[in-house]
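Starting off with a structure, shown below.
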Amino acid sequence: MKFYVTTPIYYINAEPHIGHCYTTIAADCLARYHRIKGRNVFFLTGTDEHGDKIAQAADRKGITVEQFTDSMSDVFKTIWKKLNISYNRFIRTTEKEHQETVQNVFRILMDRGDIYPGEYSGYYCVHCEFFIPKTKIEQNNPVCPDCKRPVKVLAEKSYFFRLSKYEKPLLEYFSKNPEMIQPVFRQDEVKNFISQGLTDLSITRQTALWGIESPTPERYSVYVWFDALLNYLTGIGFKNGIPGEYWPPDVQLIGKDILRFHTIIWPAMLMALKLPLPEKIFAHGWWTMGSEKMSKSRGNIINPIDLLNRYGTDGFRYFLLREVPFGLDGEYSEEKFIKRYNSELVNDLSNLVNRTINLVEKLFNSTFPDSGISTQMEQLIDDVLSAVDLCMLNISFTDALDNIWKIVNELNRLLDREKPWNSPIESARNTISQCISGIYIISMLVYPFIPETSRRIWNMLNIKYEDDKIFLNKDALRMVSGRKSGKREILFMRIKP
Ligand code: ME8
């Protein structure tokens with residue numbers, strides 16, 4: 001079974017911040033989960049490199065736009081490496097293959113009459129890359145209704161995508177497929193917007209500084225969003241109108257800021273191309289700082305590299321996935337970060353593993369005892385495995401981790417209650433066996449969230465896994481018993497608040 005997951009492709013006018021890391025880590029977590037469930041996963045991310053604001057950013061640095069886009073896409077790749085992001089492809093919209101897709105799609109839709117020439121008259125916000133109709137702008141104060149920046153006045157010949165034609169088909173599709181837009185509370189916003197009427201979309205710019213050329217005699221620049229959305233097709237090898245084996249996407253993760261692009265323009269483009277629509281588009285909330293959206297332009301961002309250097313990749317991944325229910329907004333503070341890190345990673349997980357391996361060394365000459373697993377523990381593991389599966393299908397990372405922590409907490413309670421360091425050896429053997437089996441399952445279950453930590457636990461359990469041979473499988477419990485333990489290490493050290 002295949003699983004195709006995507007993130008937005010990020011603008012490269014500035015460096016990534018926590019918000020970009022959030023979507024990408026979430027997609028990585030899904031990709032890793034579905035891989036260990038044995039699915040054929042394709043995980044696509046990348047960078048959105050066209051548009052005036054990119055050209056202007058290069059200009060400000062005094063380098064060519066090619067030099068700028070090369071160096072900035074490397075900045076993104078470097079941070080994804082530090083964050084252990086296991087993408088299958090990193091796509092750049094400046095790649096030749098992508099330009100071909102965009103021009104190819106443009107031609108197909110023109111041949112079908114879904115793209116036609118006309119004239120655009122209205123406003124354009126370079127920052128939001130958005131055409132704004134005259135009715136949405138106050139004449140004496142022409143600023144973007146979203147970002148409040150001054151807008152450009154446009155009156156130019158342009159090609160249009162016949163978006164209005166898809167008003168009814170989109171509404172019909174959403175009522176027949178209520179699972180597509182997630183979380184469900186976002187659906188009304190989209191449906192209401194469509195019901196107010198869709199106008200055809202200008203998809204070329206005569207005066208844009210930097211973009212893909214339209215395959216028309218005038219050679220305009222293709223509108224950045226029309227270009228960017230098509231990355232999801234190029235990324236999996238779209239050729240001559242055929243998208244290949246991974247189509248359609250199983251999950252497309254986005255932030256709520258770009259919901260309408262992904263749930264109106266994008267599905268309408270796919271309908272025009274006569275391609276199946278994505279199974280699920282999930283719009284998560286925003287990380288805020290002092291109640292304002294964290295954003296490059298507001299300058300209220302947390303530099304992820306600082307956090308990574310201080311607390312490590314897995315602490316960072318864990319916090320982002322655990323702190324806020326996926327779909328809602330969340331306010332970032334270092335205090336919250338440290339609190340969660342110390343209580344859940346240090347006190348619960350790290351201590352459990354350290355205590356257990358320490359007892360294996362002391363009581364069992366560093367050899368894992370092997371008295372099987374109790375029916376109660378097996379029941380708990382079974383329950384957690386099914387609960388986590390459901391959470392991951394529903395993209396509910398917090399609930400998945402809550403469930404995994406049921407095993408962590410149960411094992412800590414077991415150790416506190418049974419005190420194996422102080423009990424007859426047979427009883428200690430039984431307690432430690434439960435702990436080892438439980439820790440093994442925990443190490444598999446946390447792998448999508450904190451993969452480096454799983455590797456460190458596997459080292460202590462003396463198990464070696466190749467990346468493509470990790471399977472979430474309860475039967476593998478038996479492989480631990482009878483082995484020598486590996487070198488013990490502390491997984492997470494307490495942070496002083
Ligand atoms: O919109 N909290 O790129 P972009 C949570 N290139 N997530 C955030 C966030 C925040 N404060 N800030 C950003 C674009 N994000 C287009 C996309 S796709 C075909 C083209 C995340 O660099 C979130 O995923 O502005 C959001 O949707 C995305 O970054 C916007 O990134």
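All ligand and atom numbering here is 1-based and tracks the order in the structure.
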Side-chain donor or acceptor of Thr6 paired with backbone N/O of Leu44 under 3.5 Å = no
ask   = In terms of ring plane angle, is the pair Phe261 and Phe130 parallel, tilted or perpendicular, where the classes change at 30° and 60°?
value = perpendicular
remark   = Residues with a heavy atom under 4.0 Å from ligand 1, by chain and number, are Pro8, Ile9, Tyr10, Tyr11, His17, Gly19, His20, Thr23, Asp48, Trp225, Ala228, Leu229, Asn231, Tyr232, Gly255, Asp257, Ile258, His262, His284, Gly285, Trp286, Trp287, Lys293, Met294, Lys296
key: Candidates Asp227, Leu230, Val105, Ile203 - the one meeting side chain to side chain contact (heavy atoms under 4.5 Å, CB included) with Val222   = Asp227
message = Check the orientation of Trp80 and Phe76. Use parallel for under 30°, tilted for 30 to 60°, and perpendicular for over 60°.
response = perpendicular
key: Within 6.0 Å of NZ in Lys2, more than 12 heavy atoms from elsewhere   = yes
ask   = Should the ring pair Phe160 and Tyr120 be called parallel, tilted or perpendicular, given that the plane angle runs from 0 to 90° and is split at 30 and 60?
value = tilted
